[in-house]
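Reviewing the structure listed below.
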Amino acid sequence: MVSTKITNQKIANIFSEIALYLHAEEVPFKPQAYEIAAENILALEEELSVSYQKCGKKCIDEIPGIGKSMADKIVEIVQTGKLKYFDQLKKKYPFEMLELTNIQDVGPKTALTLYKKLKIKTVDDLQNAAEKNSISKIPGMGTKTQRNILRGIQFLKSSSGRRIIHKVLPLAQNIAKKLQTVPGVTHVDIAGSLRRRKESIGDIDLLATTSNPKQLIKTFVSLPEVEKVLEQGNEKAMVRYTFGMQGDLLILKPSEYGAALLHFTGSREHNILLRELAINKKMKLSEHGLVHEKKIIAAKTEKQVYTALGLQEIPPEVRIGADEIKLAQKHKIPELIPYNSLKGDLQVQTDWSDGDSSIEEMALVAKTFGLSYFAVTDHTKSLTITNGLNEKRLLEQGKAIDKLDKKLKNFRVLKSTECDIKKDGSLDLSDRALETLDVVSVSVHSNRNMEKKEMTQRILRAMKHPLVHILFHPSGRIVNVRDGYNVDMDKIIKAAKEYKVALEVNGSERLDLHEKYIRQAIELGVKLVISSDAHAPKHFVNLDFGIGQARRGWATKADVLNTKTVDEFLKAIKK
DNA sequence: GCCGTTTTCGGCCCGACTGTTTTCAGTCG
């Protein structure tokens, strides 16, 4: 029996909690092993319960950081919904380790002490104890610790965890911009998961160089965006922002900037692998540089550090601690698609359906984003809520586009559609109407809860349609909102190859495809398009997030059809 | 508990900051 209710998140949580208990017990090395396993499980796109059904323990054992012992444990969880080893630990330590250590400044050892001394089991217990002044009486803890714990609980209750990159990046850029104007400052850069373009962001890491560190730290902690200062040293400060996130500012020596940028960009797993590689070469890597026999041999730029380690420079977006280092050793990291390299946008909604603006308004703004063409892809009639187009209105729109196209200079508007894939896999518009278009794109919007087999068949049928060029948001997920449809993505990718249908990398908050499938599609030779899914002029920034996502999936310029000029693009999609 | 261009045994990432202490433990990134 396999329980599909066991999610990867749940398994990762169990492993993380085991790591914390082992850490509290001061067991050497095992905690890190469980932590790494938990991280790697979270990065998986496919549910482990599904992988196990597909090919048993073998598939699980192949996951990096998971060996025989943990594979057995995962199988036990997937089969029974429980893990005996974990239950024993919970019996021994019946307190909410994971929740308690979520509080800033509370780690596994503090949580254990709190349980032993005051029988604290939950965050609420801890809050009560702190409010009664009991924490400060524990040896090794004082009034400041007690106060910090209370603040941490308050923050935890008011914040909502990781946020989507679309919301966080503009905030970070704005703060960085302000710091750049402080006298003496030479560099301010965004590091951490923002620089790696992760889909969701936990905190904001900023790095800077300046001739006047004191002044910069002082300005930083006094910014109007800063609600509370959590740490303030000579080269580092940590704050809580008014928008409910935390952030660091680190001040660095210009001579060590590359090593520090590398360190604070992460990921943690990537850094660990780099340091292990350094040790193998009788060197030591830290944020201060790569050191050999007490002499710094590389530190100024990231490239210098990678080169000194015998590696090709690795782009931030793929620094996840998987196979990127091995490929960099063989100099097999491809040149990823550059930012700002798109010439067109293949998904744009206008006021003909649920967009805010006219085709012309959208076109004028698109030009300012460096585009020379886009496809108008209003919804179709099944989606009545969006005022979707029927055949008649589509033809009218075509005429309007012809007229506009003559008027616009250096910009081409393509006739297109986001044609709804109906429940049975047929399309929402007649072939005759579709034949009038330059590009036909299709996607699923209704009946999202179909069984996997039916949903897969439905999408495959639409892809097989001879007039279809592009499949939009192939998995149906929206980051932090909902998971994708139940669909066999392997089959979709193979069909994309067979029927010559491009897959969309949607740059909106969908960020759909997932990077794993982007990489898989590319390896099979499937072509991609990156689009903004703009419903308003300001949404063209989504193209940038789409490129970030594509880079995370190892896409090159050649893999992405809308890096081409409009004529080349139209030629490339021809069947 | 994982892993292997040095290895199937014997290794396992590094440093700043804070709070509570008189030299360090815990947390964090």
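Chain A is the first sequence line, chain B the second, and so forth, proteins listed ahead of strands; every chain is numbered from 1. From a predicted model like this one, the values you see are computed outputs, not experimental measurements.
At whole-Å resolution of the value, CD in A:Glu39 and P in B:dG1 are 19 Å apart. For the pair A:Glu269 CD and B:dC2 C1', the computed distance is 14 Å after rounding to whole Å. Atom C1' of nucleotide B:dT6 and atom NZ of A:Lys281 are separated by 12 Å, given to the nearest angstrom. Rounding to whole angstrom units, CG of residue A:Leu285 and P of B:dC12 are separated by 15 Å. Rounded to an integer number of Å, the gap from CE of A:Met283 to P of B:dC14 is 13 Å. The distance from atom CD1 of A:Ile66 to atom C1' of B:dC2 is 10 Å, rounded to the nearest whole Å. If you take CD of A:Glu235 and C1' of B:dC14, they are 14 Å apart, rounded to a whole angstrom. The distance between atom NZ of A:Lys326 and atom P of B:dT5, rounded to the nearest whole Å, is 7 Å.
B:dT20 and B:dT27: their C1' atoms are spaced 14 Å apart (whole Å). Across B:dC2 and B:dT8, the matching C1' atoms stand 12 Å from one another, rounded to whole Å. One C1' atom belongs to B:dC12, the other to B:dT18, and the distance between them is 28 Å to the nearest Å. For the P atoms, the distance linking B:dT6 with B:dG11 amounts to 16 Å, nearest Å.
Ring-plane geometry between A:Phe95 and A:Tyr93 is classed as perpendicular, the angle between the planes exceeding 60 degrees on a 0 to 90 degree scale with a lower cut at 30. Between A:Tyr241 and A:Phe220, the angle of the ring planes goes over 60°, which puts this pair in the perpendicular group of the 30/60° scheme.
Note on A:Thr113: nothing from the nucleic acid sits closer than 4.0 angstrom, heavy atoms only. A:Pro31 comes within 4.0 angstrom of nothing in the nucleic acid, heavy atoms only. Residue-level contact check: A:Leu250 touches neither bases nor backbone, having no heavy atom under 4.0 Å from any strand. Among the atoms of the strands shown, only primed sugar atoms or phosphate atoms (P, OP1, OP2) are found under 4.0 Å from some heavy atom of A:Lys73. At a threshold of 4.0 angstrom between heavy atoms, the contacts of A:Gln232 are confined to the sugar-phosphate backbone, with no base atom among them. A:Leu22 comes within 4.0 angstrom of nothing in the nucleic acid, heavy atoms only. Contact annotation for A:Gln329: no contact, since no heavy-atom pair falls under 4.0 Å across all strands.
Between A:Lys282 and B:dT6 there is no side-chain polar atom (N or O) within less than 4.0 angstrom of OP1 or OP2. Of the side-chain N and O atoms in A:Lys284, one or more sit less than 4.0 angstrom from OP1 or OP2 of B:dG15. A close approach under 4.0 Å does not occur between any side-chain nitrogen or oxygen of A:Asn280 and OP1 or OP2 of B:dT5. Residue A:Thr145 places no side-chain N or O under 4.0 Å from the OP1 or OP2 atom of B:dG19.
No donor-acceptor pair under 3.5 Å is formed between the side chain of A:Ser475 and the backbone N or O of A:Leu513.
Judged as a ring-ring contact (aromatic ring centres under 6.0 Å, His included), and not counting sequence neighbours, A:Tyr339 has no contacts. Here A:His166 pairs with A:Phe545 under the ring-ring contact (aromatic ring centres under 6.0 Å, His included) rule; sequence neighbours left out.
In this structure, A:Pro139 and A:Lys30 both approach DNA chain B, and ranking their closest nucleotides by distance from the 5' end singles out A:Lys30. Comparing A:Asn271 and A:Pro28, the nucleotide of DNA chain B nearest to each residue sits closer to the 5' end for A:Pro28.
The side chain of A:Lys144 has B:dG19 as its nearest neighbour among B:dG1, B:dG19, B:dA16.
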Checklist entry - Could you go step by step and tell me if A:Ile296 and A:Leu290 meet the side chain to side chain contact (heavy atoms under 4.5 Å, CB included) rule? => result CA-CA 6 Å; A:Ile296 291 181; A:Leu290 184 65; over 6 Å; no
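In this structure, B:dA16 forms a base pair with B:dT27, meeting either the Watson-Crick or the G-U wobble geometry with both donor-acceptor distances under 3.5 Å.
The two residues A:Lys82 and A:Asp87 have their closest heavy-atom pair at CE-OD2, 3.6 Å.
At least one side-chain heavy atom of A:Leu285 sits under 4.5 Å from a side-chain heavy atom of A:Leu274.
More than 12 heavy atoms of other residues, nucleotides or ligands lie within 6.0 Å of NZ in A:Lys452, so this atom counts as buried by the packing criterion.
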Shorter than 3.5 Å, N or O on both sides, protein versus nucleotides 25-29 of chain B: list them out with atom names.
from	atom 1	to	atom 2	distance (Å)
B:dG26	OP2	A:Lys109	NZ	3.2
B:dG26	O3'	A:Thr110	OG1	3.2
B:dT27	OP1	A:Gly107	N	2.7
B:dT27	OP1	A:Gly107	O	3.1
B:dT27	OP1	A:Thr110	N	2.9
B:dT27	OP1	A:Thr110	OG1	2.4
B:dC28	OP1	A:Asp105	N	2.8

